[in-house]
Amino acid sequence: MESVQAIKQRFGIIGNDPKLNRAVEKAIQVAPTDISVLVTGESGVGKESIPKIIHSLSHRKHGKYIAVNCGAIPEGTIDSELFGHEKGAFTGATQTRSGYFEVASGGTIFLDEVGELPLTTQVRLLRVLENGEFIKVGSSKVQKTDVRIVAATNVNMFEAIKKERFREDLYYRLSTVEILLPPLRERKGDIHLLFRKFASDFATKYKMPTIRLTDDAVSLLEKYHWSGNIRQLRNIAEQISVLEQERTISATSLHGYLPNIGSNLPAVISSSKKESDFSNEREILYKVLFDMKSDLNDLKKLTMELMQSGNMQQVQKDNEGLIRKIYREDEQEEVRFEEPAAPAEVLQIPSPSTPSKEEDKYHFAEEIEEEETLSLHDKELELIKKSLERHRGKRKAAAEELGISERTLYRKIKQYDL
């Protein structure tokens, strides 16, 4: 088994960071097996080197090595690219085509950006991992393949699983062994080493003297955040090599090539949404309709009590909280019920058991519960669920966000069996 340093030299991996060495060591150890490997890390850290190490040190090294960027293939054609298709399977399929899994049989296939795979393709990939079987697009014949799968992603897989963008069972199939490559900002001792290597390469390529950094420039280079990692460092080394006339680069000169140099200070960022932060305009519209429906039902309740008792002052006293809710506190001063000069005649609501000619006169007052229209029932349920999720089941906060009382919310929770 080759040493870590020998492998790094063979594949052009620069750096002596312990985390980097551990990643290369894991790749060497897992290479002789057929275990599926998932390489994780930010974009630009050099994840594509690990699959090459694994393939070259495995018993499949004489087989084909195919690298596929899953994020670059359109969703409509990715199944055809990976698994092939039969002639006439879809418009434009003028002949039968073999997919990558068929072509790479006996070798290794590297699925870069595997987190971008559509869910339907994930199901097909899971079957390949389980028993090596796949079906071409437009075919009913099951075919076998013998490939070693190494995948890579810069996506937070647990977040993707939580948001149902990636299958949990597929994740555990792919990540039998997980290799994490550290971001460049965690490899401060390697930053200047990498810069010198890139500067030397570009000096040879463009036939010009090699650029060198002053001590203050090296310090600035190591303190920079490097959100683009090694890829960004390489691009900046190339820019400086081509554009700078002076071959000794100071911190002042380097500063002009580092974007957003002043925006790397720590800041407190709230990860939680505001209480009334709804995700889109449609949801806001449904909340407005929900509030209007709630106010309408409250007004019906007040109307019913007024018709039954005829005592306006007593109704106002008994429903003070409800009136304040309907007219809001800032309008409360304007809301007054005046007792009529003459005694109010008490309205008699006909009993359903006693037929009357006046039965239809107040028919609207009998239907306090309004039938749901335009799927408002479903949207009300959806708003309640989302509000409860946002506030982690705290009914008081959810009720305030929805503009209803906690008691009303509790009744709706029982009604919808949440």
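Note that the structure is a prediction, hence the values are computed from the model and not measured.
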Chemist: Do D17 and K19 sit within salt-bridge range, that is, some charged N less than 4.0 Å from a carboxylate O?
Modeler: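 Salt bridge flag = no for K19 with D17.
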Chemist: If we ignore hydrogens and angles and just use 3.5 Å, is the side chain of S56 paired with the main-chain N or O of I53 as donor and acceptor?
Modeler: yes
Chemist: Show, in sequence, the C-alpha distance, side-chain angles and deciding distance for D79 and T121, and conclude whether the side chain to side chain donor-acceptor pair (under 3.5 Å) test is met.
Modeler: CA-CA 6 Å; D79 284 352; T121 308; 2.7 Å; yes
Chemist: Side chains of residues 106-116: which donor-acceptor pairs under 3.5 Å do they make with residues two or more places apart or in other chains?
Modeler:
unit_1	atom_1	unit_2	atom_2	d
T108	OG1	H55	ND1	2.8

Chemist: Check this for me: Q9, atom CD, are more than 12 non-hydrogen atoms of other residues, nucleotides or ligands nearer than 6.0 Å?
Modeler: no
Chemist: Can you label the angle between the F202 ring and the F198 ring as parallel, tilted or perpendicular, going by 30° and 60°?
Modeler: tilted
Chemist: Around atom CD of E75, are there more than 12 heavy atoms of other residues, nucleotides or ligands at under 6.0 Å?
Modeler: no
Chemist: List the steps, then state whether side chain to side chain donor-acceptor pair (under 3.5 Å) holds for S43 with R231.
Modeler: CA-CA 8 Å; S43 179; R231 187 181 294 122; 3.2 Å; yes
Chemist: Kindly indicate, with the supporting measurements, whether the criterion side-chain contact (heavy atoms from CB on, under 4.5 Å) is fulfilled by Q232 and Y224.
Modeler: CA-CA 11 Å; Q232 183 185 8; Y224 187 66; 3.4 Å; yes
Chemist: With N229, which residues qualify under side chain to side chain donor-acceptor pair (under 3.5 Å), at least two apart?
Modeler: E42
Chemist: Is there a side-chain contact between V68 and I66 in this structure, where contact means two heavy atoms from C-beta onward sitting under 4.5 Å apart?
Modeler: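 A side-chain contact under 4.5 Å exists here.
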Chemist: If we count only N and O atoms by modelled type, under 3.5 Å, do the side chains of E178 and Y171 hold a donor and an acceptor together?
Modeler: yes
Chemist: Evaluate the side-chain proximity of I149 to L129: yes if any heavy-atom separation is below 4.5 Å, no if none is.
Modeler: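 Yes, close enough: below the 4.5 Å cut-off.
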Chemist: Decide if atom NZ of K87 counts as having more than 12 heavy atoms of other residues, nucleotides or ligands within a radius under 6.0 Å.
Modeler: no
Chemist: Checking Y257 against E244 for the side chain to side chain donor-acceptor pair (under 3.5 Å) test, could you report, in this order, the C-alpha distance in whole Å, the side-chain angles of both residues, the deciding distance, and whether it holds?
Modeler: CA-CA 11 Å; Y257 292 93; E244 288 293 324; 2.7 Å; yes
Chemist: Counting C-beta onward and ignoring hydrogens, is there a side-chain heavy-atom pair between I135 and F83 closer than 4.5 Å?
Modeler: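 They are not in side-chain contact.
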Chemist: Please report the C-alpha distance between L254 and T252 in whole Å, then the side-chain angles of each, then the deciding distance to 0.1 Å, and finally whether the side-chain contact (heavy atoms from CB on, under 4.5 Å) criterion is met.
Modeler: CA-CA 6 Å; L254 179 61; T252 304; over 6 Å; no
Chemist: Can you tell me which residue among E186, E25, R187 is in a side chain to side chain contact (heavy atoms under 4.5 Å, CB included) with L20?
Modeler: R187
Chemist: Nearest heavy-atom pair of E86 and K136: which atoms, and what distance?
Modeler: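 Looking at all heavy atoms of both residues, the shortest contact is OE2-CD, 3.7 Å.
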Chemist: Can a salt bridge be assigned to the pair D201 and R234 using a cut-off of 4.0 Å between side-chain N and carboxylate O?
Modeler: no
Chemist: Please determine whether side-chain contact (heavy atoms from CB on, under 4.5 Å) holds for the pair N154 and K47, giving the CA-CA distance in whole Å, both sets of side-chain angles, and the decisive distance to 0.1 Å.
Modeler: CA-CA 9 Å; N154 60 2; K47 296 187 290 294; 4.1 Å; yes
Chemist: Which heavy atom of K52 sits nearest a heavy atom of E48, and at what distance?
Modeler: CG-O, 3.6 Å
Chemist: Which heavy atom in Q122 sits nearest to a heavy atom in L117, and how many Å separate them?
Modeler: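 Heavy atoms of Q122 and L117 come nearest at NE2-O, 2.8 Å.
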Chemist: Below 4.0 angstrom, N of the basic side chain to O of the carboxylate: do R127 and E133 qualify?
Modeler: yes
Chemist: Is there a donor-acceptor contact under 3.5 Å linking the side chains of K8 and N21?
Modeler: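 Result is yes, a qualifying pair exists.
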